[in-house]
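What's counted below: heavy atoms across the whole structure, side chains too, no hydrogens, waters or symmetry copies. Throughout, numbering of the chain's residues begins at 1 and tracks the sequence. Because the structure is a prediction, the values reported are computed rather than measured.
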Amino acid sequence: MVPKEKLTEQLHRIVSDPGRILTKETDLVSYGYDASFGFYKPDVVVQVKSEEEVAAVLKIANKLRVPVTPRGQASSLSGGPLPVDGGIVLDFSQWKEKLVIDSEDMVAVVSPGVITADLDHEAEKYGLLYAPDPGSSHFSTIGGNLAENSGGPRCLKYGVTKDYVIGLRVVSPQGEIIRTGGRTVKNVTGYDLTKLIVGSEGTLGVITEATLRLIPRPLASHTVMLIFDHFVEAAKTVTRILTSRIQPAKIEMMDQASIQAVEAFKPQGLPVDAEAILLVGLDGHPAAVADDAARISDIAKKMRVRSVKVDHSEAEARELWMARKLVSPAIAAKKPTKISEDATVPRSKIPDFCQKLQDIKKEYQIDLVVFGHIGDGNLHPNIICDKRDREEMKRAEQAVEAIFKAAIELGGTLSGEHGIGTMKRAYMPWELTPQELDLMKRIKMAWDPNNILNPSKIFPVAGPKLVQSR
């Protein structure tokens, strides 16, 4: 390993502001965490603010073979921005100067540190929408969203992050600046490098600018809340809605544990004896939205729903959605460790998956909370535990494995939107064949032969499955 002093000296020649190179122990420790529960301390942090700085840092790192980990606001739930092998953390959170809306081309050109919600708020001024809306949108960065191919509730109707990326500027591990895609909606010139980079978790290149597609903002919206006495019946209702020629913008679900946690954390007047709540978001032409809300109410009444509530104003809709937004902080208040998964199944298998999750909760005697984007089969089974309790963590790991096995057996996937990172890399062979994994590894080595960019991510390594710490 290159001596830290020598590495820092070379970095100071690149970054003119010495305050953007962090080496104090307190700073390094704070950069060793993300929203998962691993910890790996870097050797140095560089807060980059230009493409030239990124290129220069990567040239040095590649020459000296020093690991580099890109990082936004570290809201990743899979360990994506954790510096597993030490080295340099490239912090993009301060680089947010560019946020340009071109209303005629219906695109936005942004710096990697721009906050996701800020982009959508700026687009709204032009009657446009940036559709991807991860739960962390008020503090996550565009760069992080691109690295993980983030999703969110609106994915049901509008798709995920990759569906809105039409052009990138990227720095290769060797420090070369390249451009992929452009400003046109259609572009089939050569390989689609844009789609390859999006979702690669910072292992192939470092994104320094993105050109993103915007769409017209819907004229109207409505929210329907459905309350059920039976968890699996709520899942069956989702299938019925989606096969009734209705296209909701989002369908979110909260199980009983979610409801009870929210009411204990910040009471919203929810029925704690209900087994599930569905929140169905509709948008589009006012007449169509009103008609769909009425049709969903009729469908739910045939599916043993306890009650139906339709909002009558934007303020009332915000109140209905507040409960869903409070789930994560509410359950995190119960115990110090939260394992957040996002296994995803085909829509037709949503009821089966919900039943299996109930069975897993009973079998392993874990505090399992289930909520998430049930409309596209992307549930978030969260295990609330204490990593200091070895017995509880053993059961938690067994439950995680059971959740993944259930999803894969139903034709699903390990991750719908959180990425693989460190948290799921051990399970990659469960879903992919050796040949498929080998092809991915060969792509990685073709781009990054010295393996400096975000190493020890995605691909399986020996050791504990849930988490390792350095």
Side-chain angles (χ1 to χ4, degrees), residues 131-135 149-164 199 222-228 230-255 258 275-284 288-289 292-293 295-305 308 324 327 340-360 368-382 402-419 430-431:
D133 61 334
N149 191 21
S150 299
R154 286 198 295 244
C155 290
L156 174 59
K157 181 175 183 178
Y158 294 106
V160 295
T161 296
K162 69 178 180 181
D163 300 313
Y164 293 85
H222 266 313
T223 299
V224 183
M225 175 186 277
L226 310 175
I227 299 174
F228 292 86
H230 302 283
F231 183 55
V232 177
E233 191 70 15
K236 291 178 180 178
T237 301
V238 172
T239 303
R240 184 64 61 87
I241 290 171
L242 294 174
T243 55
S244 297
R245 299 170 69 179
I246 299 172
Q247 179 59 75
K250 47 191 174 181
I251 303 181
E252 297 290 296
M253 187 271 291
M254 297 168 56
D255 72 350
S258 305
E275 282 201 4
I277 287 175
L278 292 181
L279 284 170
V280 184
L282 302 163
D283 65 17
V289 170
D292 284 346
R295 291 173 62 200
I296 288 171
S297 298
D298 291 340
I299 290 169
K301 288 171 184 175
K302 297 174 184 177
M303 299 294 292
R304 294 194 296 166
V305 68
V308 178
R324 169 63 182 86
V327 173
S340 304
E341 297 302 347
D342 74 322
T344 304
V345 298
R347 290 170 177 170
S348 62
K349 301 299 183 181
I350 293 171
D352 296 333
F353 192 40
C354 287
Q355 182 61 61
K356 285 182 179 291
L357 290 174
Q358 286 190 318
D359 296 340
I360 290 168
L368 180 66
V369 181
V370 182
F371 60 98
H373 322 313
I374 193 169
D376 52 20
N378 183 198
L379 292 176
H380 294 314
N382 277 220
I403 289 168
F404 290 155
K405 283 180 180 177
I408 291 169
E409 287 172 359
L410 291 169
T413 181
L414 295 171
S415 181
E417 60 184 10
H418 290 174
W430 291 16
E431 184 173 340

ask   = Out of curiosity, F228 CZ to I277 CD1, how far, rounded to the nearest 0.5 Å?
value = 10.5 Å

inquiry  = Does N382 form a side-chain hydrogen bond (donor to acceptor under 3.5 Å, both in side chains) with S340? I'd like the steps, not just the answer.
reply    = CA-CA 5 Å; N382 277 220; S340 304; 3.1 Å; yes

ask   = Is it true that a side-chain atom of R154 and a backbone atom of A131 form a donor plus acceptor pair closer than 3.5 Å?
value = yes

ask   = Do the non-hydrogen side-chain atoms of C354 and V370 ever get within less than 4.5 Å of each other?
value = no

query = Are any non-hydrogen side-chain atoms of I350 and I374 less than 4.5 angstrom apart?
reply = yes

query = Can you list every salt bridge (Lys or Arg N to Asp or Glu O under 4.0 Å) pair that touches residues 230-250, not counting sequence neighbours?
reply = E233-R304

query = Out of curiosity, L242 CG to Q247 CD, how far, rounded to the nearest 0.5 Å?
reply = 7.5 Å

query = Considering all heavy atoms of both residues, which atom of A235 and which atom of P351 are nearest to each other, and what is their separation?
reply = CB-CA, 3.6 Å

inquiry  = When you measure from the side chain of E252 to the backbone of F371, do you find a donor-acceptor pair of N or O atoms at a distance under 3.5 Å?
reply    = no

request  = Would you check, one step at a time, whether the test side chain to side chain contact (heavy atoms under 4.5 Å, CB included) holds for F353 with L379?
outcome  = CA-CA 9 Å; F353 192 40; L379 292 176; 3.8 Å; yes

request  = Tell me, with the steps shown, if T413 and E431 meet side chain to side chain contact (heavy atoms under 4.5 Å, CB included).
outcome  = CA-CA 7 Å; T413 181; E431 184 173 340; 2.9 Å; yes

request  = Using the side chain to side chain contact (heavy atoms under 4.5 Å, CB included) rule, pick out the option among V305, I246, V308 that qualifies with I299.
outcome  = I246

request  = Give a yes or no answer on whether the side chain of Y164 reaches the backbone of Y158 with a donor-acceptor pair at less than 3.5 Å.
outcome  = yes

query = From S297 OG over to L226 CG, what is the distance, rounded to the nearest 0.5 angstrom?
reply = 7.0 Å

remark   = CG (L279) and CE (M253) are apart, to the nearest 0.5 Å, by 11.0 Å

message = Would you call the rings of H380 and H418 parallel, tilted or perpendicular, taking 30° and 60° as the class edges?
response = parallel

ask   = Side chains of Q358 and V232: closer than 4.5 Å at any heavy-atom pair?
value = yes

inquiry  = Donor-acceptor check, side chain of D292 to backbone of V289, threshold 3.5 angstrom: yes or no?
reply    = no

ask   = Would you say the side chain of T223 lies within less than 4.5 Å of the side chain of L282, judging by non-hydrogen atoms?
value = no

key: Any side-chain heavy-atom pair of E341 and P381 under 4.5 Å   = yes

query = Can you tell if the side chain of V160 reaches within under 4.5 Å of the side chain of P132, non-hydrogen atoms only?
reply = no

key: Criterion side chain to side chain contact (heavy atoms under 4.5 Å, CB included) on D255 and L368, from CA distance to verdict   = CA-CA 10 Å; D255 72 350; L368 180 66; over 6 Å; no

inquiry  = Can you pull out every side-chain hydrogen bond (donor to acceptor under 3.5 Å, both in side chains) where at least one residue sits in residues 342-353? Sequence neighbours excluded, please.
reply    = D342-S415, D342-K424, T344-N378

query = Can D359 and K356 be counted as an ion pair, charged N to O under 4.0 angstrom?
reply = no

request  = Would you please name every residue forming a salt bridge (charged side-chain N to carboxylate O under 4.0 Å, His left out) with K157, sequence neighbours left out?
outcome  = D283

ask   = If you measure from CH2 on W430 to NZ on K405, what distance do you get to the nearest 0.5 Å?
value = 4.5 Å

Closest non-hydrogen atom pair between C155 and D133, with its separation = N-OD1, 4.4 Å

task = Output the distance between atom CZ (F231) and atom CD (Q355), rounded to the nearest 0.5 Å.
result = 9.0 Å

